[in-house]
Amino acid sequence: MNEKSIRCQINGKTMERSVEVRRTLGDFLRHDCGMTGTHYGCEHGVCGACTVLLDGRTARSCLTLAVQVDGHEITTVEGLSAPDGTLSVLQQAFHECHALQCGFCTPGMLATLTELLADHADPSEAQIRDALTGNLCRCTGYQPIVEAAQLAARRLRATATPAHQEVN
Ligand code: FES
Ligand code: FES
């Protein structure tokens, strides 16, 4: 077996492992790190269920090799909430807007929308729908997911410190 040692940050914790060079990031997260919140749907880059954040940008964990994340930071759905379990603003909005049914697609949806909201404080509905084109949901419909993103954006804007008031 051809293995390589990797060291990365997963949800803020350093992880060092020897991994088979063919191992995907999704398999690494689920089977080697025990982080089963990341889901596999299609396993070939289409459904978006496996999406995680790699250095803050979305990445398909079914198409990314574990060895590629050596030296990088990964955020999975387990890392979106606070250590005490308090949901992120976006997760809370999903809960309140009933933006999931089975929840299978939800980890990927949350990763995609976390990236969108980091880039756009006030995304238009079209921008939200455009961001979600790479994430398929089989059961809940997209309207409540879009509404959750809009609610989270409003709440994040309401709590953001205006740039001119920031303390250096
Ligand atoms: Fe990765 Fe579907 S499982 S995109
Ligand atoms: Fe079931 Fe999206 S909530 S696939």
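None of these values were measured; they are calculated from a predicted model. For ligands, and for the atoms within them, numbers begin at 1 and follow the listed sequence.
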Please assess K4 against D70 for the test salt bridge (Lys or Arg N to Asp or Glu O under 4.0 Å), listing each intermediate value before the final yes or no. CA-CA 10 Å; K4 183 179 183 304; D70 186 24; 3.4 Å; yes
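Between the side chain of H95 and the backbone N or O of A93 there is no donor-acceptor pair closer than 3.5 Å. Listed for the Q68 side chain is a donor-acceptor partner under 3.5 Å among the backbone atoms of L65. With hydrogens and angles ignored, the 3.5 Å screen pairs a side-chain donor or acceptor of R30 with a backbone N or O of T36.
Under the 3.5 Å distance criterion, with hydrogens and angles disregarded, no donor-acceptor pair is assigned to the side chains of T75 and N11.
Between R17 and E3 no salt bridge is recorded (no basic side-chain N to carboxylate O distance below 4.0 Å).
Near atom 1 (Fe) of ligand 2, less than 2.8 Å away, sit the protein N, O or S atoms C102 SG, C139 SG.
Once rounded to the nearest 0.5 Å, the distance linking CG of L136 with OH of Y142 reads 5.0 Å.
For the side chain to side chain donor-acceptor pair (under 3.5 Å) condition, the pairs that include at least one residue of residues 48-67, sequence neighbours left out, are T51-R60, D55-H72, R57-E115, R57-D119, T58-E115.
Protein atoms of type N/O/S that fall under 2.8 Å from atom 1 (Fe) of ligand 1 number 2 in this view.
For C33, the side-chain contact (heavy atoms from CB on, under 4.5 Å) test picks out I10, M15, F28, M35, with sequence neighbours left out.
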